[in-house]
Asker: 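Dumping the structure here so I can ask a few things about it.
We number each residue from 1, following the sequence as shown. No hydrogens, no waters, no symmetry mates; every other heavy atom, side chains included, goes into these values. Nothing here was measured: the structure is a model prediction, and the numbers come from that model.
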Amino acid sequence: MEASVLAAGVARAGPAVCSPRSSSSWPVARGADAARAVRCNAATEVSAPPPLCALELGPGAEMFFNSAEVVQWESGKSVNAIAAAQGIRVRRRCRPSHPSEGVGADRAVPRSVLEQIVWDKEVEVAQRKAAAPLHWVADSARRAPPPRDFAAALHGARDRNGGVPALIAEVKKASPARGLLRDNFNPVEIAHAYEKNGAACLSILTDEKHFLGSFENLETCPLLCKDFIIDIWQIYYARSKGADAILLIAAVLPDLDIKYMLRVCRSLGMAALVEVHDERELDRVLKIDGVQLIGINNRSLGTFEVDTANTNMLLQKRGDIIKKKKIMVVSESGLFTPDDVAYVQNAGVAAVLVAESLLTQEDPGRAIAGLFGKELLL
């Protein structure tokens, strides 16, 4: 399918301005000849409505405009209320400045680390979009070299190594949970070391504020851009920088957003790893058509504690549905030993995403053999 989302300046309705309060995901305009529009209805609406971002969604767009979420939104229900009904605890503020700024009633207080990250990401994305409008970034994404097949790379590595889960090796300097992971941080050197020692794909943390990441770190083998995606602008930007896949977090994104973003990924030839943390999120994702990769994060969003039994529990409950849909499962977080890898392998995962247990070693590349109990075949 041709890329289905065009910038406002390309759409027939003419140019429109996206404010920091605009979102990628809530279509409101109707009519075959009308350009589609989206907006973010913040939890605390101001008196004047935010500007609309006109977007062309292409053939089949009516599925978005007739969705339950849009009907609810047009009936006056807030975006955050709709998301909360789906079990999403992260509120979207769409604030024009960082949440920590201001005093009294103007000072927002996040309820979790993830909510703080998402609020900061909204500000960051708004600033980036102001500097590089969507149609510029979308054009750059379409002119980028063709994406590599992320899922095929995982399948191939798993087959070469006799069913051992394929490795998505993560490159990141720090995390909110552990702080600085590595003083001597050379992302390109680490990426090459991973590749030489059997990593099927790389996961690159690009969030700068909380993980000290950068888009300039995107390199080498099939790449997952690991960021907190809240806007389609980020997908196009990641593709323009060479990403082959992105991460979509079910704890942050309502169902309609995930469907919409999957559509954008398909139009660009990209893969999407949809991350879940619990049974309710997994059930939501399994009802969405077109999901090929599901990541089960073993880290609790509330306590940040890690338990690989989470992967086993969710696959015991929903493994049959996952197999029927031919979805590949990736286990994330808490993998430090060959026993850990064997445990999630027996649970039924096709791949593992590992960061801390490799990055904290003197030689992250050679640490791969220690993690798996053997050297992986290239």
Asker: So, does Glu69 use its side chain to make a donor-acceptor pair with the main chain of Ile82 at under 3.5 Å?
Answerer: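 The answer is no, because no donor-acceptor pair under 3.5 Å joins these two groups.
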Asker: Restricting to non-hydrogen atoms, name the atom on Glu275 and the atom on Glu281 that form the minimum distance, rounded to 0.1 Å.
Answerer: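 Looks like O-OE1, 4.4 Å.
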Asker: Pick from Ile190, Leu353, Leu358: which one makes a side chain to side chain contact (heavy atoms under 4.5 Å, CB included) with Glu170?
Answerer: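 Of all the options given, the one that passes is Leu353.
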Asker: Do Pro338 and Phe372 come close enough that some side-chain heavy atom pair is under 4.5 Å?
Answerer: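 No, their side chains stay 4.5 Å or more apart.
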Asker: Between Val264 and Tyr236, does a side chain to side chain contact (heavy atoms under 4.5 Å, CB included) hold up when you go through it step by step?
Answerer: CA-CA 8 Å; Val264 173; Tyr236 284 106; 3.9 Å; yes
Asker: With Leu273 as reference, evaluate Leu224, Ile249, Val291, Ile246 under the side chain to side chain contact (heavy atoms under 4.5 Å, CB included) test and give the passing residue.
Answerer: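 One option only clears the test, and that one is Leu224.
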Asker: With side chains defined as the heavy atoms from C-beta onward, is the minimum distance between Ile322 and Met328 less than 4.5 Å?
Answerer: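 They are not in contact (no side-chain heavy atoms under 4.5 Å apart), so the answer is no.
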Asker: Can you check side chain to side chain contact (heavy atoms under 4.5 Å, CB included) on Leu371 and Val354, steps first, answer last?
Answerer: CA-CA 9 Å; Leu371 173 65; Val354 182; 3.8 Å; yes
Asker: Taking the side chain as every heavy atom from C-beta outward, state whether Phe150 and Ile168 have any atom pair closer than 4.5 Å.
Answerer: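 Phe150 vs Ile168: side chains touch.
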Asker: Answer whether the closest heavy-atom distance between the side chains of Leu134 and Ile232 falls below 4.5 Å.
Answerer: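 SC-SC contact between Leu134 and Ile232 confirmed.
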Asker: Provide the closest heavy-atom pair for Asn197 versus Ile368 in the form atom of the first, atom of the second, distance.
Answerer: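 What the structure gives for the nearest pair is O-CG2, 3.6 Å.
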Asker: Does the distance from a Lys or Arg side-chain N to an Asp or Glu carboxylate O, for Asp255 and Lys287, drop under 4.0 Å?
Answerer: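 Answer for the salt bridge query: no.
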Asker: Enter the distance from Ile229:CD1 to Leu248:CG here, rounded to the nearest 0.5 Å.
Answerer: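 Here the interatomic distance stands at 7.0 Å.
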Asker: What distance do Asn80 atom CG and Arg92 atom CZ have between them, rounded to the nearest 0.5 Å?
Answerer: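 Atom-to-atom, Asn80:CG and Arg92:CZ are 8.0 Å apart.
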Asker: Should Lys121 and Asp227 count as an ion pair when the cut-off is N to O under 4.0 Å?
Answerer: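 Answer for the salt bridge query: yes.
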Asker: Determine yes or no for a side-chain-to-main-chain donor-acceptor pair under 3.5 angstrom, with Arg284 supplying the side chain and Ala250 the backbone.
Answerer: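 Present.
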Asker: Should we say atom CZ of Arg111 is surrounded by more than 12 heavy atoms from elsewhere, each under 6.0 Å from it?
Answerer: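 Correct, the count exceeds 12.
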Asker: Does any part of the side chain of Leu315, heavy atoms only, come nearer than 4.5 Å to the side chain of Val349, both counted from C-beta?
Answerer: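 Yes, close enough: below the 4.5 Å cut-off.
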Asker: Tell me the closest heavy-atom pair linking Asp244 and Pro147, and the distance in Å.
Answerer: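 Scanning both residues, the minimum pair turns out to be OD1-CA, 3.4 Å.
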Asker: Without hydrogens or angle criteria, can the side chains of Asn297 and Ser333 be said to hold a donor-acceptor pair below 3.5 Å?
Answerer: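 Looking only at side-chain atoms, Ser333 and Asn297 do form a donor-acceptor pair, the distance falling under 3.5 Å.
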Asker: In terms of hydrophobic clusters joined by side-chain contacts under 4.5 Å, are Leu253 and Ile288 together?
Answerer: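 Looking at the clustering, Ile288 is in the same group as Leu253.
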Asker: Is there a chain of hydrophobic side chains (I, L, V, M, F, W, Y, each step under 4.5 Å between heavy atoms) that links Leu376 to Tyr194?
Answerer: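 Result: yes, single cluster for both.
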Asker: Can you get from Leu247 to Val113 by hopping between Ile, Leu, Val, Met, Phe, Trp and Tyr side chains that sit under 4.5 Å apart?
Answerer: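 Same cluster.
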Asker: For the residue pair Gly334 and Val306, what are the closest heavy atoms and their distance?
Answerer: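 In terms of heavy atoms, the two residues are closest at CA-CG1, 3.2 Å.
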Asker: Do Arg239 and Met270 touch side chain to side chain, with heavy atoms closer than 4.5 Å?
Answerer: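 The answer is yes, as the side chains (C-beta and beyond) meet within the 4.5 Å cut-off.
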Asker: If I take atom OG from residue Ser240 and atom CD1 from residue Ile235, how far apart are they, to the nearest 0.5 angstrom?
Answerer: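 Here the interatomic distance stands at 12.0 Å.
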Asker: Above 12 or not: heavy atoms from other molecules or residues under 6.0 Å from CG of Asn346?
Answerer: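 More than 12 within 6.0 Å, yes.
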Asker: Can a donor-acceptor pair be found, under 3.5 Å and without considering hydrogens, that links the side chain of Trp136 to the backbone of Lys129?
Answerer: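 No, Trp136 side chain to Lys129 backbone: no donor-acceptor pair under 3.5 Å.
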Asker: Please determine whether side chain to side chain contact (heavy atoms under 4.5 Å, CB included) holds for the pair Ile296 and Ser331, giving the CA-CA distance in whole Å, both sets of side-chain angles, and the decisive distance to 0.1 Å.
Answerer: CA-CA 5 Å; Ile296 297 178; Ser331 184; 5.5 Å; no
Asker: The test is side chain to side chain contact (heavy atoms under 4.5 Å, CB included); show your working for Lys374 and Val164 and say whether it passes.
Answerer: CA-CA 10 Å; Lys374 66 176 183 178; Val164 172; 3.6 Å; yes
Asker: Between Arg318 and Glu279 (salt bridge meaning N to carboxylate O under 4.0 Å), is one present in this structure?
Answerer: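 Result for this pair is yes, salt bridge flagged.
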Asker: For atom CD of Gln86, decide whether the heavy atoms of other residues, nucleotides or ligands shown that lie under 6.0 angstrom number more than 12.
Answerer: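 Buried by this count: over 12 neighbours within 6.0 Å.
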Asker: In terms of hydrophobic clustering (I, L, V, M, F, W, Y; side-chain heavy atoms under 4.5 Å; direct or indirect links), are Leu154 and Leu378 co-clustered?
Answerer: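 No, separate clusters.
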Asker: Can you find a side-chain donor-acceptor pair between Thr311 and Asn298 that sits under 3.5 Å?
Answerer: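 Asn298 and Thr311 do have a side-chain donor-acceptor pair below 3.5 Å.
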Asker: Check for a donor-acceptor pair, side chain of Asp363 on one end and backbone N or O of Gly365 on the other, with a separation under 3.5 Å.
Answerer: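 Side chain of Asp363 to backbone of Gly365: a pair is present.
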Asker: If we only count heavy atoms from C-beta on, is the Gln234 to Val125 side-chain gap below 4.5 Å?
Answerer: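 Counting from C-beta outward, Gln234 and Val125 do come under 4.5 Å.
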Asker: Here's a test for you: under side chain to side chain contact (heavy atoms under 4.5 Å, CB included), which of Glu124, Glu122, Gln116 qualifies with Asp120?
Answerer: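 With Asp120 as partner, side chain to side chain contact (heavy atoms under 4.5 Å, CB included) holds for just one option, Gln116.
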Asker: At what distance, to the nearest 0.5 angstrom, does CD1 of Ile327 lie from CG of Leu293?
Answerer: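 That separation rounds to 9.0 Å.
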Asker: Do the side chains of Tyr343 and Ile294 join up, straight or via other hydrophobic residues, at under 4.5 Å, putting them in one cluster?
Answerer: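 Yes, it is one cluster - the side chains of Tyr343 and Ile294 are joined through contacts under 4.5 Å.
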Asker: Can you establish whether the number of heavy atoms outside Lys325 located under 6.0 Å from its atom NZ is more than 12?
Answerer: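 Atom NZ in Lys325 is packed in, count exceeds 12.
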Asker: Where is the tightest heavy-atom contact between Pro222 and Ala200, given as atom of each residue plus distance?
Answerer: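 Heavy atoms of Pro222 and Ala200 come nearest at CD-O, 3.9 Å.
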Asker: Checking Trp119 side chain against Arg91 main chain: does a donor-acceptor pair fall under 3.5 Å?
Answerer: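 Indeed, once roles are kept as given, a pair shorter than 3.5 Å links the two residues.
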Asker: Would you name the heavy atoms of Glu362 and Pro364 that are closest together and state the gap between them?
Answerer: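 Of all heavy-atom pairs spanning Glu362 and Pro364, the closest is O-CD, 3.6 Å.
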Asker: Once rounded to the nearest 0.5 Å, what's the spacing between atom CG of Asp257 and atom CD1 of Ile230?
Answerer: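 Reported to 0.5 Å precision, the distance equals 10.0 Å.
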Asker: Out of His135, Arg142, Arg143, which one pairs with Asp139 under the side-chain hydrogen bond (donor to acceptor under 3.5 Å, both in side chains) rule?
Answerer: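 Answer after filtering His135, Arg142, Arg143: Arg143.
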Asker: With rounding to the nearest 0.5 Å, note down the distance linking CG in Asn312 to NZ in Lys317.
Answerer: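 It is 11.0 Å, given to the nearest 0.5 Å.
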